[in-house]
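Worksheet: the structure to be examined is printed underneath.
Indexing begins at 1, ligand by ligand and atom by atom, following the structure's order.
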Amino acid sequence: MLRSRILSTGMYVPTKRVTNEDLSKIMDTSDEWIRQRTGIEQRFWVDGGEATSDLALKASELAIQRAGVEKSQIEMIILATLSPDHEFPGTACFLQKKLGIPGIPSLDVRQQCTGFIYSLSIADQFIRNGAYKNILVVGAEVHSKGLEMSDHGRDVTVLFGDGAGAVVLGAVDVKDPEKESHILSTHLHADGTFAEELWTPAPGTGNSEFRVGAKELEEGLHWPKMNGKTVFMHAVKRMPEALEEGLKANQLCVSDIDLFVFHQANLRINDMIAKQFEIPEHKVFNTIQKYANTTAATIPIGLDEAVRAGKLKKGMLVASAAFGSGFTWGSAIYRF
Ligand code: UT7
(Lines give C-alpha, C1' and ligand atoms only; values in the text may rest on other atoms or scores of the structure.)
Protein backbone atom coordinates (compact mmCIF):
# COMPACT_ATOMS: atom_id res chain seq x y z
CA MET A 1 0.00 0.00 0.00
CA LEU A 2 1.11 3.52 -0.82
CA ARG A 3 2.06 5.42 2.31
CA SER A 4 4.32 8.29 3.36
CA ARG A 5 7.45 7.89 5.46
CA ILE A 6 9.64 10.39 7.29
CA LEU A 7 12.91 9.96 5.39
CA SER A 8 14.94 12.45 7.40
CA THR A 9 14.94 15.33 9.87
CA GLY A 10 16.80 18.63 10.18
CA MET A 11 16.75 21.57 12.55
CA TYR A 12 18.29 24.97 13.08
CA VAL A 13 18.20 27.51 15.87
CA PRO A 14 19.89 30.90 15.77
CA THR A 15 23.09 31.48 17.71
CA LYS A 16 22.00 34.13 20.24
CA ARG A 17 21.26 32.32 23.50
CA VAL A 18 18.91 34.21 25.79
CA THR A 19 18.62 32.97 29.36
CA ASN A 20 15.80 33.68 31.80
CA GLU A 21 18.32 35.80 33.69
CA ASP A 22 18.87 37.90 30.53
CA LEU A 23 15.11 38.53 30.30
CA SER A 24 14.92 39.56 33.93
CA LYS A 25 17.19 42.49 33.02
CA ILE A 26 14.71 43.88 30.50
CA MET A 27 11.37 43.07 32.12
CA ASP A 28 9.92 42.27 35.52
CA THR A 29 10.40 38.51 35.53
CA SER A 30 12.72 35.96 37.12
CA ASP A 31 14.46 32.70 36.35
CA GLU A 32 12.52 31.13 39.20
CA TRP A 33 9.09 32.20 37.87
CA ILE A 34 9.83 31.06 34.31
CA ARG A 35 11.32 27.69 35.33
CA GLN A 36 8.59 26.89 37.84
CA ARG A 37 5.66 27.83 35.62
CA THR A 38 6.98 26.56 32.29
CA GLY A 39 10.19 24.52 32.60
CA ILE A 40 11.95 26.94 30.23
CA GLU A 41 15.61 27.68 31.03
CA GLN A 42 16.71 29.49 27.87
CA ARG A 43 15.77 30.15 24.26
CA PHE A 44 17.57 31.20 21.08
CA TRP A 45 16.64 34.42 19.29
CA VAL A 46 17.86 35.80 16.00
CA ASP A 47 20.43 38.52 16.26
CA GLY A 48 19.03 41.06 13.82
CA GLY A 49 18.91 39.95 10.23
CA GLU A 50 17.53 36.44 9.95
CA ALA A 51 13.96 35.90 8.72
CA THR A 52 11.78 32.85 9.23
CA SER A 53 12.65 31.53 5.75
CA ASP A 54 16.39 31.78 6.59
CA LEU A 55 15.93 29.47 9.57
CA ALA A 56 13.67 27.23 7.50
CA LEU A 57 16.31 27.06 4.77
CA LYS A 58 19.00 25.78 7.11
CA ALA A 59 16.74 23.10 8.61
CA SER A 60 15.47 22.12 5.13
CA GLU A 61 18.92 21.80 3.59
CA LEU A 62 19.94 19.41 6.35
CA ALA A 63 16.77 17.36 6.01
CA ILE A 64 17.09 17.15 2.21
CA GLN A 65 20.74 16.14 2.40
CA ARG A 66 20.00 13.47 5.03
CA ALA A 67 17.06 12.12 3.02
CA GLY A 68 19.49 11.23 0.26
CA VAL A 69 17.43 13.03 -2.36
CA GLU A 70 18.40 15.89 -4.63
CA LYS A 71 16.66 19.23 -4.16
CA SER A 72 15.22 18.70 -7.62
CA GLN A 73 13.39 15.60 -6.35
CA ILE A 74 11.33 17.63 -3.87
CA GLU A 75 7.88 17.95 -5.43
CA MET A 76 6.11 20.18 -2.91
CA ILE A 77 6.96 22.49 -0.01
CA ILE A 78 4.65 22.87 2.99
CA LEU A 79 5.73 25.38 5.62
CA ALA A 80 3.94 26.09 8.89
CA THR A 81 4.55 29.41 10.62
CA LEU A 82 2.77 32.15 12.54
CA SER A 83 5.70 34.52 12.09
CA PRO A 84 5.93 34.90 8.31
CA ASP A 85 8.69 36.83 6.53
CA HIS A 86 6.03 39.20 5.16
CA GLU A 87 2.24 39.39 5.17
CA PHE A 88 2.22 38.04 1.63
CA PRO A 89 3.31 36.07 -0.28
CA GLY A 90 3.63 33.03 1.90
CA THR A 91 6.93 32.20 3.57
CA ALA A 92 7.01 28.88 1.69
CA CYS A 93 7.56 30.95 -1.48
CA PHE A 94 10.54 32.74 0.08
CA LEU A 95 11.93 29.38 1.21
CA GLN A 96 11.40 27.99 -2.28
CA LYS A 97 13.34 30.90 -3.79
CA LYS A 98 16.22 30.34 -1.35
CA LEU A 99 16.23 26.60 -2.03
CA GLY A 100 16.26 27.32 -5.77
CA ILE A 101 13.53 24.88 -6.72
CA PRO A 102 10.98 26.93 -8.70
CA GLY A 103 7.83 25.51 -10.23
CA ILE A 104 6.68 23.10 -7.55
CA PRO A 105 3.72 24.02 -5.32
CA SER A 106 4.59 25.77 -2.09
CA LEU A 107 2.03 26.17 0.64
CA ASP A 108 1.87 28.07 3.93
CA VAL A 109 -0.05 26.55 6.81
CA ARG A 110 -1.32 28.96 9.46
CA GLN A 111 -2.29 26.59 12.22
CA GLN A 112 0.14 27.93 14.83
CA CYS A 113 1.23 25.36 17.43
CA THR A 114 -0.59 22.60 15.55
CA GLY A 115 0.92 23.77 12.24
CA PHE A 116 3.38 20.93 11.90
CA ILE A 117 0.74 18.24 12.53
CA TYR A 118 -1.56 19.90 9.96
CA SER A 119 1.33 20.12 7.48
CA LEU A 120 2.30 16.51 8.00
CA SER A 121 -1.31 15.50 7.47
CA ILE A 122 -1.62 17.49 4.23
CA ALA A 123 1.65 16.06 2.92
CA ASP A 124 0.54 12.55 3.90
CA GLN A 125 -2.69 12.94 1.87
CA PHE A 126 -0.81 14.11 -1.23
CA ILE A 127 1.55 11.15 -0.98
CA ARG A 128 -1.15 8.57 -0.23
CA ASN A 129 -3.16 9.61 -3.28
CA GLY A 130 -0.09 9.30 -5.50
CA ALA A 131 0.24 13.00 -6.41
CA TYR A 132 3.80 13.49 -5.12
CA LYS A 133 6.74 11.32 -4.05
CA ASN A 134 8.86 13.68 -1.90
CA ILE A 135 7.47 16.57 0.11
CA LEU A 136 9.44 18.96 2.29
CA VAL A 137 7.51 19.73 5.49
CA VAL A 138 8.84 22.58 7.63
CA GLY A 139 7.88 24.36 10.84
CA ALA A 140 9.73 27.64 11.38
CA GLU A 141 9.36 30.70 13.56
CA VAL A 142 11.08 33.97 14.32
CA HIS A 143 9.04 35.04 17.32
CA SER A 144 11.57 37.41 18.82
CA LYS A 145 10.86 40.18 16.31
CA GLY A 146 7.20 40.24 17.36
CA LEU A 147 7.38 40.08 21.14
CA GLU A 148 6.71 42.96 23.47
CA MET A 149 9.96 43.48 25.38
CA SER A 150 8.43 45.13 28.43
CA ASP A 151 6.73 44.30 31.73
CA HIS A 152 3.41 44.51 29.93
CA GLY A 153 4.35 41.72 27.51
CA ARG A 154 6.18 39.49 29.98
CA ASP A 155 3.43 36.85 30.24
CA VAL A 156 3.91 35.99 26.53
CA THR A 157 7.47 37.10 25.75
CA VAL A 158 9.24 34.71 28.12
CA LEU A 159 7.56 31.70 26.53
CA PHE A 160 8.78 31.87 22.95
CA GLY A 161 11.95 30.97 21.07
CA ASP A 162 13.06 31.12 17.44
CA GLY A 163 13.86 27.99 15.46
CA ALA A 164 13.07 25.70 12.56
CA GLY A 165 12.61 21.99 12.04
CA ALA A 166 12.08 20.10 8.81
CA VAL A 167 11.36 16.60 7.56
CA VAL A 168 11.32 15.09 4.10
CA LEU A 169 8.29 12.89 3.62
CA GLY A 170 8.72 10.24 0.93
CA ALA A 171 6.36 7.79 -0.77
CA VAL A 172 6.84 4.11 0.08
CA ASP A 173 5.13 0.88 -0.85
CA VAL A 174 4.45 -0.58 2.59
CA LYS A 175 4.08 -4.37 2.58
CA ASP A 176 4.29 -5.02 6.32
CA PRO A 177 2.59 -2.13 8.19
CA GLU A 178 3.52 -3.70 11.54
CA LYS A 179 7.20 -3.26 10.84
CA GLU A 180 7.85 -0.77 8.07
CA SER A 181 8.23 2.95 8.73
CA HIS A 182 5.27 5.08 7.66
CA ILE A 183 2.67 7.56 8.87
CA LEU A 184 -0.16 5.49 10.34
CA SER A 185 -2.66 8.31 10.81
CA THR A 186 -3.16 11.98 11.55
CA HIS A 187 -6.07 13.62 13.40
CA LEU A 188 -6.91 17.31 13.10
CA HIS A 189 -9.24 19.61 15.01
CA ALA A 190 -10.02 23.30 15.50
CA ASP A 191 -12.52 25.46 17.36
CA GLY A 192 -12.60 29.09 16.27
CA THR A 193 -14.84 29.98 19.20
CA PHE A 194 -11.58 30.54 21.03
CA ALA A 195 -9.74 32.42 18.28
CA GLU A 196 -9.23 35.47 20.45
CA GLU A 197 -7.79 33.64 23.45
CA LEU A 198 -4.34 33.57 21.83
CA TRP A 199 -3.83 35.90 18.91
CA THR A 200 -2.19 38.93 17.38
CA PRO A 201 -4.98 41.28 16.22
CA ALA A 202 -2.95 43.51 13.85
CA PRO A 203 -2.18 43.82 11.03
CA GLY A 204 -5.56 42.56 9.86
CA THR A 205 -8.79 43.57 8.16
CA GLY A 206 -10.65 42.70 11.36
CA ASN A 207 -9.44 45.97 12.89
CA SER A 208 -10.68 49.44 12.05
CA GLU A 209 -10.05 51.37 8.84
CA PHE A 210 -6.50 50.17 8.30
CA ARG A 211 -4.92 46.74 8.67
CA VAL A 212 -2.46 48.54 10.87
CA GLY A 213 -2.70 52.25 11.54
CA ALA A 214 -1.79 54.66 14.30
CA LYS A 215 -4.75 53.50 16.41
CA GLU A 216 -3.71 49.83 16.24
CA LEU A 217 -0.11 50.66 17.09
CA GLU A 218 -1.15 52.90 19.95
CA GLU A 219 -3.34 50.17 21.40
CA GLY A 220 -0.56 47.61 20.97
CA LEU A 221 -2.70 45.37 18.77
CA HIS A 222 0.41 44.22 16.93
CA TRP A 223 1.63 42.36 20.04
CA PRO A 224 0.51 38.79 20.77
CA LYS A 225 -2.18 38.43 23.45
CA MET A 226 -2.88 35.34 25.46
CA ASN A 227 -5.30 34.29 28.10
CA GLY A 228 -2.79 31.84 29.56
CA LYS A 229 -5.09 30.07 32.01
CA THR A 230 -7.78 29.37 29.40
CA VAL A 231 -5.19 28.10 26.93
CA PHE A 232 -3.66 25.86 29.57
CA MET A 233 -7.04 24.45 30.59
CA HIS A 234 -7.94 23.56 27.01
CA ALA A 235 -4.47 22.21 26.20
CA VAL A 236 -4.57 19.62 28.99
CA LYS A 237 -7.98 18.46 27.73
CA ARG A 238 -7.49 18.54 23.96
CA MET A 239 -3.98 17.08 23.67
CA PRO A 240 -4.95 13.91 25.59
CA GLU A 241 -8.14 13.62 23.50
CA ALA A 242 -6.15 13.83 20.27
CA LEU A 243 -3.61 11.33 21.52
CA GLU A 244 -6.36 8.92 22.57
CA GLU A 245 -8.01 9.32 19.17
CA GLY A 246 -4.76 8.45 17.40
CA LEU A 247 -4.14 5.40 19.55
CA LYS A 248 -7.72 4.13 19.15
CA ALA A 249 -7.69 4.60 15.36
CA ASN A 250 -4.71 2.25 15.19
CA GLN A 251 -5.81 -0.13 17.95
CA LEU A 252 -2.73 0.75 19.96
CA CYS A 253 -2.25 1.31 23.64
CA VAL A 254 0.15 3.70 25.34
CA SER A 255 2.70 0.97 26.02
CA ASP A 256 2.96 0.21 22.27
CA ILE A 257 4.41 3.70 21.66
CA ASP A 258 8.20 3.91 21.88
CA LEU A 259 8.50 7.71 22.01
CA PHE A 260 6.16 10.65 22.57
CA VAL A 261 7.24 13.85 20.84
CA PHE A 262 4.69 16.43 21.94
CA HIS A 263 4.37 20.13 21.19
CA GLN A 264 6.42 22.18 23.66
CA ALA A 265 4.27 24.93 25.18
CA ASN A 266 4.80 24.23 28.84
CA LEU A 267 6.60 21.38 30.60
CA ARG A 268 3.72 21.22 33.08
CA ILE A 269 1.28 20.44 30.26
CA ASN A 270 3.42 17.56 29.01
CA ASP A 271 4.04 16.27 32.53
CA MET A 272 0.29 16.25 33.20
CA ILE A 273 -0.34 14.28 30.00
CA ALA A 274 2.43 11.82 30.86
CA LYS A 275 0.94 11.34 34.32
CA GLN A 276 -2.59 10.89 32.97
CA PHE A 277 -1.49 8.20 30.50
CA GLU A 278 1.09 6.69 32.86
CA ILE A 279 3.84 7.22 30.31
CA PRO A 280 7.28 6.54 31.77
CA GLU A 281 9.49 9.63 31.84
CA HIS A 282 12.12 8.24 29.45
CA LYS A 283 9.49 7.90 26.72
CA VAL A 284 8.63 11.61 26.57
CA PHE A 285 11.11 13.73 24.66
CA ASN A 286 10.98 17.39 25.77
CA THR A 287 13.10 20.25 24.43
CA ILE A 288 11.30 23.24 25.94
CA GLN A 289 14.03 23.67 28.57
CA LYS A 290 16.54 24.52 25.81
CA TYR A 291 14.48 26.14 23.08
CA ALA A 292 11.26 27.41 24.77
CA ASN A 293 8.12 27.31 22.61
CA THR A 294 9.06 27.47 18.93
CA THR A 295 5.41 26.93 17.94
CA ALA A 296 5.25 25.18 14.53
CA ALA A 297 8.86 24.05 14.90
CA THR A 298 8.66 22.24 18.25
CA ILE A 299 7.80 18.79 16.91
CA PRO A 300 10.30 18.61 14.01
CA ILE A 301 12.98 20.07 16.31
CA GLY A 302 12.06 17.40 18.87
CA LEU A 303 12.36 14.65 16.25
CA ASP A 304 15.75 15.85 15.07
CA GLU A 305 17.12 16.26 18.59
CA ALA A 306 15.81 12.84 19.56
CA VAL A 307 17.55 11.26 16.57
CA ARG A 308 20.82 12.97 17.41
CA ALA A 309 20.49 12.04 21.10
CA GLY A 310 20.08 8.39 20.07
CA LYS A 311 16.57 8.31 21.58
CA LEU A 312 14.72 7.96 18.28
CA LYS A 313 15.70 5.14 15.97
CA LYS A 314 14.35 3.76 12.73
CA GLY A 315 11.35 1.51 13.27
CA MET A 316 10.22 3.07 16.55
CA LEU A 317 6.54 3.88 16.97
CA VAL A 318 6.05 7.58 17.71
CA ALA A 319 3.06 9.63 18.86
CA SER A 320 2.88 13.41 18.55
CA ALA A 321 0.15 15.74 19.75
CA ALA A 322 -0.17 19.51 19.75
CA PHE A 323 -2.49 22.25 20.89
CA GLY A 324 -2.46 25.98 20.31
CA SER A 325 -3.92 29.17 18.97
CA GLY A 326 -7.12 28.85 16.95
CA PHE A 327 -7.79 26.84 19.03
CA THR A 328 -6.28 24.06 16.98
CA TRP A 329 -5.17 20.61 18.08
CA GLY A 330 -4.27 17.27 16.62
CA SER A 331 -2.12 14.17 16.71
CA ALA A 332 -0.04 11.93 14.48
CA ILE A 333 0.96 8.32 14.95
CA TYR A 334 3.90 7.12 12.87
CA ARG A 335 6.54 4.44 12.67
CA PHE A 336 9.74 6.41 12.30
O1 UT7 B 1 1.83 26.94 22.43
C2 UT7 B 1 0.77 27.83 22.52
C3 UT7 B 1 -0.09 27.49 23.61
N4 UT7 B 1 0.27 28.18 24.81
C5 UT7 B 1 0.14 27.54 25.95
O6 UT7 B 1 -0.19 26.41 25.99
C7 UT7 B 1 0.37 28.34 27.22
C8 UT7 B 1 -0.60 27.89 28.25
N9 UT7 B 1 -0.53 28.65 29.48
C10 UT7 B 1 0.51 28.56 30.33
O11 UT7 B 1 1.46 27.82 30.08
C12 UT7 B 1 0.44 29.33 31.62
O13 UT7 B 1 -0.84 29.87 31.78
C14 UT7 B 1 1.51 30.45 31.73
C15 UT7 B 1 2.89 29.84 31.87
C16 UT7 B 1 1.45 31.33 30.50
C17 UT7 B 1 1.24 31.33 32.96
O18 UT7 B 1 1.21 30.53 34.13
P19 UT7 B 1 0.05 30.73 35.20
O20 UT7 B 1 0.36 29.82 36.31
O21 UT7 B 1 -1.26 30.51 34.49
O22 UT7 B 1 0.26 32.21 35.65
P23 UT7 B 1 -0.74 33.44 35.61
O24 UT7 B 1 -0.97 33.88 34.19
O25 UT7 B 1 -1.94 33.10 36.42
O26 UT7 B 1 0.09 34.53 36.36
C27 UT7 B 1 0.40 34.41 37.73
C28 UT7 B 1 1.13 35.64 38.18
C29 UT7 B 1 0.38 36.92 37.82
O30 UT7 B 1 0.59 37.83 38.87
P31 UT7 B 1 -0.53 38.05 39.99
O32 UT7 B 1 -1.76 38.49 39.26
O33 UT7 B 1 -0.70 36.73 40.66
O34 UT7 B 1 0.07 39.11 40.86
C35 UT7 B 1 1.10 37.43 36.61
O36 UT7 B 1 1.03 38.81 36.47
O37 UT7 B 1 2.39 35.72 37.50
C38 UT7 B 1 2.52 37.00 36.88
N39 UT7 B 1 3.34 36.84 35.67
C40 UT7 B 1 4.66 36.85 35.70
N41 UT7 B 1 5.55 37.00 36.70
C42 UT7 B 1 6.85 36.94 36.38
C43 UT7 B 1 2.91 36.63 34.40
N44 UT7 B 1 3.97 36.52 33.59
C45 UT7 B 1 5.07 36.64 34.37
C46 UT7 B 1 6.46 36.60 34.11
N47 UT7 B 1 7.30 36.75 35.15
N48 UT7 B 1 6.95 36.40 32.88
| Does Gln264 reach ligand 1, in the sense of a heavy atom lying below 4.0 Å from it? | no
| query | With atoms numbered from 1 as shown, which atoms in ligand 1 lie under 4.0 angstrom from a non-hydrogen atom of Phe232? | reply | 8 (C), 9 (N), 10 (C), 11 (O)
| field | atom 4 (N) of ligand 1: nearest protein contact (heavy atom, Å) | value | Val231 CG1, 3.5 Å
| field | Beyond-backbone contact of Phe44 with Thr294, side-chain heavy atoms, under 4.5 angstrom | value | no
| said: Does the plane of the ring in Trp329 sit parallel, tilted or perpendicular to the ring in His189? Use 30° and 60° as the thresholds. | reply: parallel
| query | How far apart are the closest heavy atoms of Ala297 and Gly163, and which atoms are they? | reply | CB-O, 3.6 Å
| query | Does Met27 come within less than 4.0 Å of ligand 1, judged by its heavy atoms? | reply | no
| message | We want to know whether Asn293 and Gln264 form a side-chain donor-acceptor pair, criterion being a heavy-atom distance below 3.5 angstrom. | response | no
| request: Side-chain contact test, heavy atoms from C-beta onward, threshold under 4.5 Å: evaluate it for Cys113 versus Thr298 and give yes or no. | output: no
| Would you say Ile34 contacts ligand 1, with heavy atoms under 4.0 Å as the rule? | no
| Considering only protein heavy atoms, which is closest to atom 9 (N) of ligand 1, and at what distance to one decimal place? | Gly228 O, 3.1 Å
| field | Flag: protein heavy atom within less than 4.0 Å of atom 19 (P) of ligand 1 | value | yes
| remark: atom 11 (O) of ligand 1 sits nearest the protein heavy atom Asn266 ND2, 2.7 Å
| Closest non-hydrogen protein atom to atom 39 (N) of ligand 1, residue and atom name please, with distance? | Trp33 CZ2, 3.4 Å
| query | Would a distance-only check, ignoring hydrogens and angles, find a side-chain to backbone donor-acceptor pair under 3.5 Å from Arg66 to Thr9? | reply | yes
| message | Please classify the Thr29 to ligand 1 contact at 4.0 Å (heavy-atom distances, strictly less than): side chain, backbone, both or neither. | response | both
| request: Using a 4.0 Å heavy-atom cut-off, say whether Ile269 meets ligand 1 through its side chain, its backbone, both or neither. | output: side chain
| query | Got a protein heavy atom sitting under 4.0 Å from atom 29 (C) of ligand 1? | reply | no
| Nearest non-hydrogen partners of Arg335 and Glu180, listed with the distance | CD-O, 3.6 Å
| query | How are the rings of Phe126 and Tyr132 set relative to one another: parallel (under 30°), tilted (30 to 60°) or perpendicular (over 60°)? | reply | tilted
| remark: closest protein heavy atom to atom 21 (O) of ligand 1 is Lys229 NZ, 3.1 Å
| said: Could you identify the single nearest non-hydrogen protein atom to atom 36 (O) of ligand 1 and state the distance to 0.1 Å? | reply: Arg154 NH2, 3.0 Å
| query | Taking atom types as modelled and ignoring hydrogens, do the side chains of Tyr118 and Thr186 form a donor-acceptor contact shorter than 3.5 angstrom? | reply | no
| said: Does ligand 1 come near enough to Asn293 that some N or O of the ligand is less than 3.5 Å from an N or O of the residue? | reply: yes
| request: Could you check if a side-chain atom of Ile34 sits within less than 4.5 angstrom of a side-chain atom of Arg43, using non-hydrogen atoms only? | output: yes
| message | Could you tell me, atom by atom, which parts of ligand 1 come under 4.0 Å of a heavy atom of Arg268? | response | 18 (O), 20 (O)
| query | Can you tell me if Val156 has a non-hydrogen atom under 4.0 Å from ligand 1? | reply | no
| field | Minimum heavy-atom distance between His187 and Ile117, given as atom pair plus value | value | O-CG2, 4.5 Å
| Cation-pi geometry met for Lys313 and Phe336 (6.0 Å, 45°) | no
| request: Kindly determine whether His86 and Phe94 satisfy ring pair (Phe, Tyr, Trp, His ring centres under 6.0 Å), including the steps that lead there. | output: CA-CA 9 Å; His86 300 282; Phe94 289 101; 5.2 Å; yes
| remark: Counting heavy atoms under 4.0 Å, the part of Leu198 that contacts ligand 1 is side chain
| query | Looking at atom 24 (O) of ligand 1, is any protein heavy atom nearer than 4.0 Å to it? | reply | no
| For atom 16 (C) of ligand 1, closest protein heavy-atom neighbour | Met226 CE, 3.6 Å
| For atom 27 (C) of ligand 1, what's the nearest protein heavy atom and its distance? | Arg37 NH1, 3.5 Å
| request: Heavy atoms only: give me the nearest Asp54-Gly49 pair and the separation to one decimal. | output: OD2-O, 4.4 Å
| remark: Of Asp155, Thr294, Asn227, Thr38, the residue with the heavy atom nearest atom 15 (C) of ligand 1 is Thr38
| message | Within the 4.0 Å heavy-atom shell around Val158, which atoms of ligand 1 are there? | response | 48 (N)
